[in-house]
Amino acid sequence: SQYNGPLVAGVRGGIWSASCEVDSNELECVQPLLAETNDVGSAFNPKIVAGVNRRLVVWEQLKGGKTEIWANSSSNSGSSWGAPIKVSSNNSGIAYLPHIAATANFSEVVAVWQQDGVWTNRFQVSTGTWGVAQMIGTPNFQNTGAPKIALDATGKGAVVWSQSDGTRHNIYGKPYLGQGAWGTTELVEGHNGGAAINPQIAVSPAAGGGNPVVVWSELDGTRQDIWASQKLPGPGWSAPQLIETDNTFGTATPDVAVDANGNAMAVWGQGDGTRSNILANRYEPVGKLGGQWGFPQLVEFFNGLVGGV
């Protein structure tokens, strides 16, 4: 197997990559390569996707007193890189917190980021070029949180983000229909509790393996809870479900993954009064759980400090 991960390094803060292979259960990496060559300002917060022989990385690039979103691609598993290119809009707002998703064959590669709202751009693997950046939704999105995107094997999926309505933050989602087409922006949760933030999304990598699953952190007035919802086959999302039940101590930012059969696993950090622990809950679309979430379980048993997930 092979892994190619960008590393932040250097005095200026450059984007580097190291192509690695697992040999006899040992990770062996080649000499790191510089994936960006803009020496004007620092480059940071890289996100990478990998396909058959292909790698594509996006990052924040500081230039002219503001950050932009730049990208670079490799067609030989990261042995060399092309020329970096700006993919964000010339909109006056700063662009930051990029995220990217791709199919295994790179038939669909979509990046999203925050820039006075939620923006997106699509990579055309046939030409090796990016399209034109566009805002997702209305032109007045304000106070939006970091967007996240996930795609299945057919190149369809969804993007989710946190957005203020002037009183609190809600979670919004927008289906991606493939070939650069987007569906309608939808409210994922709206039960008017505390601020809902830090959404994470995943979808089965298989074709037709299930609908996107999103988890997020939400304040109940005293502490942060972990909630979840699933994209419905048609319009809308399933009713939000509380997937952790400890009403004593707060939680940390969650994460979620979905396997080829549509089974989801959510993880998060949570204190017990002395230290932070890592907990998990699982969702099965069929079988024992029958389309429901199970019960939170402790997945680590150390007595030291635990960081985020």
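Both backbone and side-chain heavy atoms feed into the values below; hydrogens, waters and symmetry mates do not.
When every heavy atom of Lys66 is checked against every heavy atom of Asn90, the shortest pair comes out as NZ-O, 4.4 Å. What you find for Glu218 and Ala196 is that their closest heavy atoms are OE1-CB, 4.0 Å. Residues Val112 and Ile149 come closest through the heavy atom pair CG2-CG2, 3.9 Å. The minimum heavy-atom distance between Pro199 and Ser162, with the atom names listed, is CG-N, 4.0 Å. Contact detail for Gly93 and Asp116: the closest heavy-atom pair is CA-OD2, 3.2 Å. Ile278 and Gly269 make their closest contact through CD1-CA, 4.2 Å (heavy atoms, listed as atom of the first residue, atom of the second, distance).
When atom types are taken as modelled, the side chain of Asp165 and the backbone of His169 share no donor-acceptor pair closer than 3.5 angstrom. Using a distance-only test at 3.5 Å, with no hydrogens or angles considered, no donor-acceptor pair links the side chain of Arg168 to the main chain of Ser164. Between the side chain of Ser89 and the backbone N or O of Ala133 there is no donor-acceptor pair closer than 3.5 Å. With hydrogens and angles disregarded, a donor-acceptor distance shorter than 3.5 Å links the side chain of Glu60 to the backbone of Leu97. No donor-acceptor pair under 3.5 Å is formed between the side chain of Lys174 and the backbone N or O of Ile136. Using a distance-only test at 3.5 Å, with no hydrogens or angles considered, a donor-acceptor pair links the side chain of Thr67 to the main chain of Ala95. Side chain of Asn211 to backbone of Gln230: no donor-acceptor contact under 3.5 angstrom is found. One N or O on the side chain of Ser204 and one on the backbone of Asp259 form a donor-acceptor pair closer than 3.5 Å. In this structure, the side chain of Asn261 does not engage the main chain of Asn263 through any donor-acceptor pair within 3.5 Å. The main-chain N or O of Gly131 is found under 3.5 Å from a side-chain atom of Asn121 such that the two form a donor-acceptor pair.
Two rings, from Trp113 and Tyr96, have their centers 6.0 Å or more apart.
Here the side chains of Trp59 and Pro84 are in contact, with some heavy-atom distance below 4.5 Å. Here the side chains of Gln114 and Trp161 are not in contact, with every heavy-atom distance at 4.5 Å or above. The shortest side-chain heavy-atom distance between Asn170 and Glu189 falls under the 4.5 Å cut-off. For the pair Ile85/Trp130, a side-chain contact is recorded, criterion being any heavy-atom separation below 4.5 Å from C-beta on. Counting only heavy atoms from C-beta outward, the side chains of Tyr172 and Thr144 never approach each other to under 4.5 Å. Annotation: side chain of Val110 is in contact with side chain of Tyr176 (closest heavy-atom distance under 4.5 Å). The shortest distance between side-chain heavy atoms of Lys86 and Gln61 does not fall below 4.5 Å. Side-chain contact check for Gln200 versus Thr253: some heavy-atom pair is nearer than 4.5 Å.
Atom CG in Asn76 sits 9.0 Å away from atom CH2 in Trp81 (nearest 0.5 Å). A distance of 8.5 Å separates OG of Ser88 from CH2 of Trp70, quoted to the nearest 0.5 Å. The CG atom of Asp225 lies 4.5 Å from the CG atom of Asp220; values are rounded to the nearest 0.5 Å. How far OG of Ser276 is from CD of Glu300: 9.0 Å, rounded to the nearest 0.5 Å. Put simply, CH2 on Trp268 and CG on Asn281 are 5.0 Å apart, with the number rounded to the nearest 0.5 Å. Between the CD1 atom of Ile171 and the CD atom of Gln163 there is a distance of 10.0 Å, given to the nearest 0.5 Å.
Under the 4.5 Å side-chain heavy-atom criterion for grouping Ile, Leu, Val, Met, Phe, Trp and Tyr, Ile201 is not connected to Leu151 through any hydrophobic cluster. By the criterion of side-chain heavy atoms lying less than 4.5 angstrom apart, applied directly or through intervening Ile, Leu, Val, Met, Phe, Trp or Tyr residues, Leu177 is not grouped with Trp119; the two fall into different hydrophobic clusters. Val125 and Val109 end up in the same hydrophobic cluster when Ile, Leu, Val, Met, Phe, Trp and Tyr side chains are linked at under 4.5 Å. One hydrophobic cluster holds both Leu242 and Val188 under the rule that ILVMFWY side chains link at heavy-atom gaps under 4.5 Å.
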Verify side-chain hydrogen bond (donor to acceptor under 3.5 Å, both in side chains) between Gln224 and Thr251, making sure each step is shown before the conclusion.
-> CA-CA 5 Å; Gln224 296 290 137; Thr251 61; 5.5 Å; no

Would you please test Ser75 and Asn53 for side-chain contact (heavy atoms from CB on, under 4.5 Å) and show each step?
-> CA-CA 6 Å; Ser75 59; Asn53 297 325; over 6 Å; no

For the pair Leu56 and Ser73, evaluate side-chain contact (heavy atoms from CB on, under 4.5 Å) and give the outcome as yes or no after the intermediate values.
-> CA-CA 4 Å; Leu56 200 151; Ser73 62; 4.1 Å; yes

Full working for side-chain contact (heavy atoms from CB on, under 4.5 Å) between Val256 and Met265 | CA-CA 6 Å; Val256 65; Met265 180 73 73; over 6 Å; no

After noting the C-alpha distance and the side-chain angles of Glu108 and Lys156, does the key distance pass the side-chain contact (heavy atoms from CB on, under 4.5 Å) rule?
-> CA-CA 8 Å; Glu108 285 284 354; Lys156 298 178 181 179; over 6 Å; no

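Side chain to side chain, Ser77 and Ser79 fail the donor-acceptor criterion of an N or O pair below 3.5 Å. Between the side chains of Glu186 and Trp237, at least one donor N or O sits under 3.5 Å from an acceptor N or O. Looking at Ser74 and Asn72, their side chains never bring a donor and an acceptor atom within 3.5 Å of each other.
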